Trainee: 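So that we are looking at the same thing, I have put the structure below in C-alpha cells.
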Amino acid sequence: MSDAITSNQAHAIVDADLAERLATQDWRRIAHYGIAATNIPFGTTVPVTFDITQEASFLCDIMTGKIVPADGTTFTGILLQLFDNNTELTDGFIPLENILSPGYGTQLFFPHKLQYIFERNNKVRCNLQNVSGVDQIVSLTFSGEKLI
C-alpha cells in the first residue's frame, strides 16, 4: 500500500487550506488611516500628515470624510492636494466636496474609490486649502487592507 496521495486529494487539501485562510483572513487585515477632525481656517492651507506603519504596506480601496463649516450654511470651499511621500497623487488641488461621502451634511453617497498602495513607512500628506469665507473642520478616512 502506497502513502502517495492522488492529485485530487492534493487539490482538496490546497482548497481546504485556502478556504481556511480566507475564512480567518490570516493573509490580510482590514486597516483604516486618516485625519481626525482638523480645523482649516478660511484663507489658509494646512498640511496634515499620517504615517503608514512599519509592519505592512497599505492597499487603500476607498476614501471617505466629512466637512463641517463653522456657519453651518457653507457647502463648498475645501480643496485637497494628496501626496505619498513627495509624490503628488492628485493633479494639483481638487474640490473635496466632489469626492467625499458624506462630505457636507449627513447624506451618504458612495465612498470615493481610491485604489493605491502606500508602501510601509511612507508618510501621506494631505494639503487642505480653505478658499471659503469661514473656518471649516475636515476629517478624512482611508480604508483598505494591510498587505502582509
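Because the structure is predicted, anything quoted here is derived from the model rather than measured.
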Trainee: How far apart are the closest heavy atoms of R125 and P47, and which atoms are they?
Mentor: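 Smallest heavy-atom distance, with atoms named: CD-CB, 4.2 Å.
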
Trainee: Report yes if the side chains of L100 and L140 come closer than 4.5 Å at any heavy-atom pair, otherwise no.
Mentor: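 A side-chain contact exists here, since the closest heavy-atom pair is under 4.5 Å.
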
Trainee: I78 and Y104: side-chain contact (heavy atoms from CB on, under 4.5 Å), yes or no, with the steps?
Mentor: CA-CA 10 Å; I78 296 292; Y104 288 93; 3.9 Å; yes

Trainee: Nearest heavy-atom pair of T64 and P111: which atoms, and what distance?
Mentor: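 For T64 and P111, the tightest heavy-atom pair comes out as CG2-CB, 3.6 Å.
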
Trainee: Does atom CD (Q54) have a neighbourhood of more than 12 heavy atoms from anything else shown, all under 6.0 Å?
Mentor: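 Counting other residues, nucleotides and ligands, CD of Q54 stays at 12 neighbours or fewer.
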
Trainee: Going hydrophobic residue to hydrophobic residue with side-chain gaps under 4.5 angstrom, can you get from V46 over to V138?
Mentor: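 Yes, V46 connects to V138 through the hydrophobic network.
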
Trainee: So S132 and T76, side-chain contact (heavy atoms from CB on, under 4.5 Å) or not? Walk me through it.
Mentor: CA-CA 7 Å; S132 74; T76 189; 5.8 Å; no

Trainee: Check the pair F118 / S57 against side-chain contact (heavy atoms from CB on, under 4.5 Å), numbers first and verdict last.
Mentor: CA-CA 6 Å; F118 294 97; S57 294; over 6 Å; no

Trainee: If hydrophobic clusters are built by linking Ile, Leu, Val, Met, Phe, Trp and Tyr wherever their side-chain heavy atoms come under 4.5 Å apart, do I99 and F83 end up in the same one?
Mentor: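 No, no single cluster joins them.
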
Trainee: Checking side-chain hydrogen bond (donor to acceptor under 3.5 Å, both in side chains) for the pair E88/Q81: CA distance, chi angles, key distance, verdict?
Mentor: CA-CA 8 Å; E88 186 174 0; Q81 185 180 31; 3.1 Å; yes

Trainee: Report all side-chain donor-acceptor pairs from residues 31-40 shorter than 3.5 Å, counting only partners two or more places apart or in another chain.
Mentor:
residue: H32; atom: ND1; partner: S143; partner atom: OG; Å: 2.8
residue: Y33; atom: OH; partner: T53; partner atom: N; Å: 3.4
residue: Y33; atom: OH; partner: T53; partner atom: OG1; Å: 3.3
residue: T38; atom: OG1; partner: A36; partner atom: O; Å: 2.8

Trainee: Are I62 and L80 connected into the same hydrophobic cluster when the rule is that any two of I, L, V, M, F, W, Y join if their side-chain heavy atoms are below 4.5 Å apart?
Mentor: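 Different clusters: L80 never reaches I62 through Ile, Leu, Val, Met, Phe, Trp or Tyr contacts under 4.5 Å.
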
Trainee: Any side-chain heavy atom of L96 within less than 4.5 Å of one from I67?
Mentor: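 Of all side-chain heavy-atom pairs linking I67 with L96, at least one is under 4.5 Å.
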
Trainee: Which distance, rounded to the nearest 0.5 Å, do you find between the CG of L147 and the CD1 of I117?
Mentor: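 That separation rounds to 5.5 Å.
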
Trainee: Could you tell me if the side chain of D61 sits less than 4.5 Å from the side chain of Q115, heavy atoms only?
Mentor: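 Counting from C-beta outward, Q115 and D61 do come under 4.5 Å.
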
Trainee: Verify side-chain contact (heavy atoms from CB on, under 4.5 Å) between K123 and D84, making sure each step is shown before the conclusion.
Mentor: CA-CA 6 Å; K123 182 175 290 298; D84 177 21; over 6 Å; no

Trainee: Do the charged groups of E55 and K146 touch, with an N to O distance under 4.0 Å?
Mentor: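 A salt bridge links E55 with K146.
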
Trainee: Quick check, are the ring centers of F58 and F142 under 6.0 angstrom apart?
Mentor: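 No, ring centres 6.0 Å or more apart.
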
Trainee: Do L114 and L89 share a hydrophobic cluster (ILVMFWY, side-chain heavy atoms under 4.5 Å, transitive)?
Mentor: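 Hydrophobic grouping puts L114 with L89.
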
Trainee: Just checking, any donor-acceptor pair under 3.5 angstrom between side chains of N85 and T87?
Mentor: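 There is no such pair between these side chains.
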
Trainee: Does the side chain of V131 come within less than 4.5 Å of F93's, by heavy atoms?
Mentor: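 Side-chain contact under 4.5 Å: no.
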
Trainee: Is the number of heavy atoms from other residues, nucleotides or ligands under 6.0 Å of F42 CZ greater than 12?
Mentor: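 No.
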
Trainee: With a sphere of 6.0 Å drawn around CG of D91, does it hold more than 12 non-hydrogen atoms of other residues, nucleotides or ligands?
Mentor: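 It does not: D91 CG has 12 such atoms or fewer within range.
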
Trainee: For L82, which of N127, T90, I94, L128 qualifies under side chain to side chain contact (heavy atoms under 4.5 Å, CB included)?
Mentor: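 Going through N127, T90, I94, L128 one by one, the side chain to side chain contact (heavy atoms under 4.5 Å, CB included) with L82 is satisfied by T90 alone.
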
Trainee: Is it true that, when you exclude N98 itself, more than 12 heavy atoms of the residues, nucleotides or ligands shown sit nearer than 6.0 Å to its CG?
Mentor: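 Buried by this count: over 12 neighbours within 6.0 Å.
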
